[in-house]
Amino acid sequence: MKAATAAKKLGVYLPATPEEFQQRFITRDELDAWQTDPPQWLVELRQDGPHPRPVVAARLGVSISGLARGGVSDALTSEQIVALREKNPDWLVRERKIQAEVRAEEERVRERDAKRALKAAPAADKHPKGAPRGH
């Protein structure tokens with residue numbers, strides 16, 4: 001696979017990876033090996049960054065769109081993420097609130113759909129496949 005794909009699967013920022021990683025094809029076996037026993041550069045990159053936007057968003061508890069609305073368009077280091085959390089700017093507070101509302105709505109919809117599935121299941125059991133249904 002391309003280095004960009006491998007970096008995405010590893011959760012790291014491609015420009016921060018070693019040049020030899022960026023310039024070559026990565027096999028699935030190599031990727032699997034790095035997942036279970038990461039080399040030192042990968043350990044350090046995952047710990048200190050710079051981190052790609054999906055990782056930054058997750059660590060801040062916001063969406064990637066929320067990062068953009070907050071003016072964060074570049075990769076951030078772990079130190080920068082901690083500093084942002086400590087500073088807790090208005091945009092971050094607002095985006096965390098939005099993210100919490102989105103998660104709550106997703107949970108509500110999941111619960112509603114689960115209840116609907118439970119109600120529909122007994123009706124399906126009464127009429128085996130291929131059996132005529134009464135009208």
Side-chain angles (χ1 to χ4, degrees):
M1 71 187 71
K2 293 180 181 177
T5 303
K8 189 173 187 177
K9 290 180 180 283
L10 292 169
V12 295
Y13 184 56
L14 179 63
T17 61
E19 190 69 29
E20 57 272 9
F21 175 88
Q22 295 178 36
Q23 299 301 321
R24 65 192 219 28
F25 188 81
I26 311 299
T27 67
R28 291 210 176 267
D29 288 339
E30 286 176 306
L31 182 70
D32 291 342
W34 289 338
Q35 297 271 20
T36 56
D37 186 24
Q40 189 59 36
W41 65 264
L42 182 54
V43 171
E44 291 172 5
L45 197 53
R46 284 177 169 168
Q47 182 178 339
D48 302 328
H51 304 286
R53 288 183 307 146
V55 173
V56 173
R59 288 189 177 190
L60 290 173
V62 300
S63 67
I64 294 173
S65 299
L67 284 179
R69 287 189 293 269
V72 177
S73 58
D74 296 329
L76 299 179
T77 64
S78 295
E79 189 175 301
Q80 291 170 313
I81 293 169
V82 169
L84 250 178
R85 275 191 266 168
E86 288 173 356
K87 186 177 177 186
N88 207 24
D90 291 341
W91 72 264
L92 183 56
V93 172
R94 183 175 55 254
E95 292 301 331
R96 282 181 167 169
K97 182 179 177 196
I98 290 169
Q99 190 69 8
E101 290 169 356
V102 166
R103 287 185 183 130
E105 178 61 12
E106 288 172 347
E107 181 61 27
R108 185 193 68 78
V109 169
R110 267 193 301 278
E111 288 175 3
R112 180 202 66 198
D113 291 349
K115 286 178 184 176
R116 286 180 180 173
L118 283 174
K119 287 181 182 178
D125 291 341
K126 290 179 186 176
H127 302 285
K129 263 188 176 175
R133 294 182 182 205
H135 294 274

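Here the structure is a predicted model, which is why all the values come from computation and not from measurement. As a basis for the values below, the full set of heavy atoms in this structure was taken, side chains included, without hydrogen atoms, waters or symmetry mates.
To the nearest 0.5 angstrom, Thr17 atom OG1 is 9.5 Å from Leu10 atom CG. Atoms CG and CD, from Leu92 and Gln99 in turn, are 11.5 Å apart once rounded to the nearest 0.5 Å.
For Glu101, the CD atom counts as densely surrounded, since its 6.0 Å shell holds more than 12 non-hydrogen atoms of other residues, nucleotides or ligands. Counting heavy atoms of neighbouring residues, nucleotides and ligands inside a 6.0 Å radius, atom CZ of Arg28 does not exceed 12 of them.
Within the 4.5 Å cutoff, the side chain of Pro50 has heavy atoms near those of the Leu45 side chain. Taking 4.5 Å as the limit, some side-chain heavy atom of Glu106 sits within range of a side-chain heavy atom of Arg110. Annotation: side chain of Trp34 is in contact with side chain of Ile26 (closest heavy-atom distance under 4.5 Å).
In this structure a side-chain-to-backbone donor-acceptor pair under 3.5 Å is missing from Arg53 to Val72.
Under the 4.5 Å side-chain heavy-atom criterion for Ile, Leu, Val, Met, Phe, Trp and Tyr, Val62 and Val55 are members of distinct hydrophobic clusters. Transitive grouping of hydrophobic side chains (ILVMFWY, heavy atoms separated by less than 4.5 Å) brings Met1 and Leu42 into a common cluster. Cluster annotation: Val12 and Leu31 are assigned to the same hydrophobic cluster (Ile/Leu/Val/Met/Phe/Trp/Tyr, side-chain heavy-atom contacts under 4.5 Å, transitive). Cluster membership for Leu84 and Val56, using ILVMFWY side-chain heavy atoms within less than 4.5 angstrom, is shared.
Scanning both residues, Leu14 and Gln22, for their nearest heavy atoms gives O-NE2, 3.2 Å. When every heavy atom of Ala7 is checked against every heavy atom of Phe21, the shortest pair comes out as N-CZ, 3.9 Å.
By the side chain to side chain donor-acceptor pair (under 3.5 Å) test, Ser78 is found to be paired with His51, Arg59, residues two or more places apart in sequence or in another chain being considered.
Residue pairs that meet the side-chain hydrogen bond (donor to acceptor under 3.5 Å, both in side chains) test with at least one member in residues 81-98, sequence neighbours left out, are Arg69-Glu95.
At a threshold of 4.0 Å, the pair Glu111-Arg108 does not count as salt-bridged, since none of the basic side-chain nitrogens sits closer than that to a carboxylate oxygen.
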